[in-house]
Amino acid sequence: MVTLGVFSTVLPPSLIRPKLSKPIFTLSFSPTLAKSRKSNFKSLTALSPSVSTTFPPEEDTETVDQDEKFDWFSQWYALMPVCDLDKRAPHGKKVMGLDVVVWWDKNEDSWKVFDDRCPHRLAPLSEGRIDESGRLQCVYHGWCFGGSGDCKLIPQALRDGPPVHTFPKSCVAVYPSTVQNGIVWFWPNSDPGFKDILTKEKPPYISELDDPSFTYQMYTRDMPYGYEVLIENLMDPAHIPYAHYGIMPSPPSSVKLDREGGRPVEIKINKIDRKGFTSNPQNGQWNFVSPCLFYGSLTAFEAFTVNQSVASAKDAKEQLVQKTPSQPHVFFICMPVSPGNSRVIIIALQNSRTWMDRIISRWRNHIVQNLVMDSDLYLLHIEEKRLMEAGDWQKACFVPTKSDANVIAFRKWLKKYAGDQVDWGNKFDRSLPPTPPREQLMDRYWTHVMNCSSCTAAYKTFNALELSLQLFSVASVAIVAATKERMLSGATRNMLVVSAVLCFLGSKWLSHFIRKIFHYHDYNHASQ
C-alpha cells in the first residue's frame, strides 16, 4: 500500500525540493472542527488488549450525544479526479454501496451524479451514452434524461398520447454533486431536501490544488479490502520498511536490529472527536478528518525511514532538510465502496516544478505507485478476512507499541462515534466476498488502468506497438518467401530476416512488459 513514508519513493526525485516558502496546504473545515483541533495533545500508548486500551479512562466513560453520532450518509464522498473522466461517456462508480453514474452535462456545463438505474426496467445508465443533444441516454430502450434527472424522451410513447415522460416515476434520482480541487464529489442522499446541501456543508478544500504555483500528482486505485483496513494501513508507519522492502531503500542506522531497519516510533494523538483527530509522529503532524481524509507532511513519517541513527526529533528534522530540501505533502482520500472493497485517491503536492516534472509522464509515476500498492495488497486482503472472523478487533489484535497509536485512535473513533463499522444501511449482510486467485486479485487493469486516462492511453499505445511489430515481422518473412531470389539481393534478404526476428523478439518482450506493468506483477516477500 502507498503509505506515508512511501512517497519518498513514489514521487519522482524532482519533487524533492527546498523547504516551502509558504504553507503547503490550507484546508477549510467547519468551525467546530477548527475548535476541536485546539485542545491539548495527549500521549496515546498502545497496550495489550488485556489492558484497558490506549485512552484515558475518563474518555472511555464518556457518553456520546445523539447529535455527536456519525452519520455515514451525511458526508461528502469523492468519486473520481476530473482528469480521469471522459466527457463523451458516462462512468459507473460505487461508493457507500450506492451504484452511481457520473456524466458530463454539456447543457449545464457541469458533472452530474445520478442513480445508476433507468426507471424503466432498471438497466445501468453507466452502460449508456451521451446523445447528440447532450442528454444521458439509456441504451436498453433509448430513454433520455436531462441534468435534473427529468426524462426528456421516451421513444416508445405515442406522440399524441399522454406525456408519460413527465410523470414523476420516469425521473432518475439525482445526487448533490460538486467539483472541488479537480475531483468530483457527491452527497449520498438523493432526497430533495439535500438539493442545496452544498450551501451548508462542503467537502474539505485544499486551496493549493487550485494555485498554479503548486504542482501535484493524482493517483486512484480500487482495493480488494475494506475502508477500515485501508485507513489503518495508511496511518501505519512501522510497516513501511518491511512490507515495501526492496521498493524503498533501506534507511541507514547506527544500530540495526534487522536487515530492514525497523525501530520504535513515538506517536502522540490529540483528543478524538466526531470530526477525527490529529496525530503527532515525532516532529510532524498528520490529520484524520472523518470519514475519508488523512493528510499531512511527509517529513514526520520520513523521519522513520530517512536516518534511524537520529537521536532526537530536532536532529531528525535537520537531517531531513539536508536529505530532502522539500517536504512534499500527501492527501489520502479513502472511500468505502462495499464490504471488502475500497477506493483511494492519493494526491502528492509540492510548490515547485522542474524540467523532470515536464518529461516524466503521469503513467510512469503510476508504475511505481502500483508496485508499492501491490506489495502489501494480499497481506491486507487476508488480514481483513481474519478480522471479520475474529469479530472483535481489540481482542483479536495485540498492539503493545506506540507505533500503532494512529491505528488505535482510528479504531477508537470508529467505535465511539461511527458504530464500530461502516453503516451500509440494508444493502449488505456484511459478509466479505470470496478470495479470487492471486493473479485476479492483484490485476491492475481493472483496479487502476481502466480508470486512469494516462495509463489507458499508454496501455493502448503499447498494445498498438506490439501489434505493429508482429505485423512487420510476418510481413518481412512473407516478402522474403514470396519474392524470387534474383529480385532481392542477399543483403536485403538478410536484413529482412534479421528485422523479422528482432521485431518478433521485441513483440514478445513488449507483451511481457504490458502484462507486468498494466496487469499483474506479483511481489514475493521471501525473495527480497
Side-chain angles (χ1 to χ4, degrees), residues 10 12-14 80-92 104 126-127 129-130 139 217-222 247 355-375 377 437-524:
V10 171
S14 59
M80 283 291 291
V82 172
C83 63
D84 290 324
L85 294 174
D86 186 349
K87 291 183 177 181
R88 299 168 297 178
H91 304 265
W104 176 254
S126 57
E127 293 296 318
R129 64 173 69 94
I130 310 300
V139 292
Q217 290 277 355
M218 281 192 185
Y219 169 87
T220 305
R221 185 158 176 181
D222 292 343
I247 301 175
W355 63 272
M356 284 290 289
D357 299 319
R358 296 183 177 92
I359 65 174
I360 296 180
S361 58
R362 183 177 175 224
W363 72 267
R364 293 191 62 183
N365 287 329
H366 289 183
I367 292 176
V368 181
Q369 290 174 321
N370 276 324
L371 182 60
V372 180
M373 300 286 277
D374 287 340
S375 59
L377 184 153
R438 190 181 182 101
E439 186 171 345
Q440 180 181 339
L441 183 74
M442 301 178 66
D443 193 320
R444 299 171 176 175
Y445 180 81
W446 299 106
T447 59
H448 171 71
V449 175
M450 68 172 295
N451 295 315
C452 173
S453 59
S454 301
C455 290
T456 296
Y459 180 74
K460 291 179 178 179
T461 300
F462 283 120
N463 275 291
L465 180 58
E466 179 191 3
L467 180 61
S468 299
L469 290 174
Q470 292 173 349
L471 292 175
F472 185 85
S473 178
V474 172
S476 298
V477 172
I479 291 173
V480 172
T483 306
K484 294 182 179 180
E485 187 172 346
R486 64 176 178 272
M487 297 181 66
L488 290 175
S489 65
T492 302
R493 286 179 174 275
N494 290 338
M495 182 185 69
L496 287 173
V497 171
V498 171
S499 297
V501 171
L502 291 177
C503 287
F504 176 76
L505 294 176
S507 70
K508 288 297 182 182
W509 177 89
L510 198 55
S511 175
H512 173 73
F513 173 82
I514 292 171
R515 172 177 165 77
K516 183 176 180 180
I517 297 302
F518 298 105
H519 283 283
Y520 173 68
H521 176 62
D522 198 5
Y523 183 90
N524 189 333

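Both backbone and side-chain heavy atoms feed into the values below; hydrogens, waters and symmetry mates do not.
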Please name the pair of heavy atoms, one in S473 and one in C503, separated by the smallest distance, quoted to 0.1 Å. CB-CB, 4.0 Å

So CE of M373 and CG of D222: to nearest 0.5 Å the spacing works out to 9.5 Å

Roughly how far apart are R88 CZ and R129 CZ, rounded to 0.5 Å? 14.5 Å

Side-chain heavy-atom pair R444, L371 within 4.5 angstrom cut-off: yes

OH-SG distance between Y445 and C455, expressed to the nearest 0.5 angstrom: 11.0 Å

Side-chain contact, heavy-atom cut-off 4.5 Å: V497 with S476? no

How long is the straight-line distance from CD1 of I514 back to OG of S507, given to the nearest 0.5 Å? 10.0 Å

Report yes if the side chains of D374 and Y520 come closer than 4.5 Å at any heavy-atom pair, otherwise no. no

With side-chain contact (heavy atoms from CB on, under 4.5 Å) as the criterion, how do M495 and V498 come out once you've worked through the C-alpha distance, each side chain's angles and the decisive distance to 0.1 Å? CA-CA 5 Å; M495 182 185 69; V498 171; 5.9 Å; no

Atom CH2 of W446 and atom NE2 of H519: how far apart are they, to the nearest 0.5 Å? 8.5 Å

Got E466 and L469 here, is their nearest side-chain heavy-atom distance under 4.5 Å? no

Side chain to side chain, H448 and Y219, heavy atoms closer than 4.5 Å: yes

Specify the closest pair of heavy atoms between M80 and T220, including all atoms of both residues, with the distance to one decimal. SD-CG2, 3.9 Å

Has T447 got a side-chain atom pairing as donor or acceptor with R221's backbone, closer than 3.5 angstrom? no

As an exercise, state the distance from NE2 of H512 to CD1 of I517, rounded to the nearest 0.5 Å. 8.5 Å

Check: H91 and W104 side chains under 4.5 Å, non-hydrogen atoms: no

Which heavy atom of M218 sits nearest to which heavy atom of H366, and what is that distance? O-NE2, 3.2 Å

Heavy-atom side-chain contact between S499 and F472 under 4.5 Å: yes

Between F518 and N370, is a side-chain contact (heavy atoms from CB on, under 4.5 Å) present by the stated rule, with each step listed? CA-CA 9 Å; F518 298 105; N370 276 324; over 6 Å; no

Does a side-chain heavy-atom distance below 4.5 Å link V480 with L496? yes

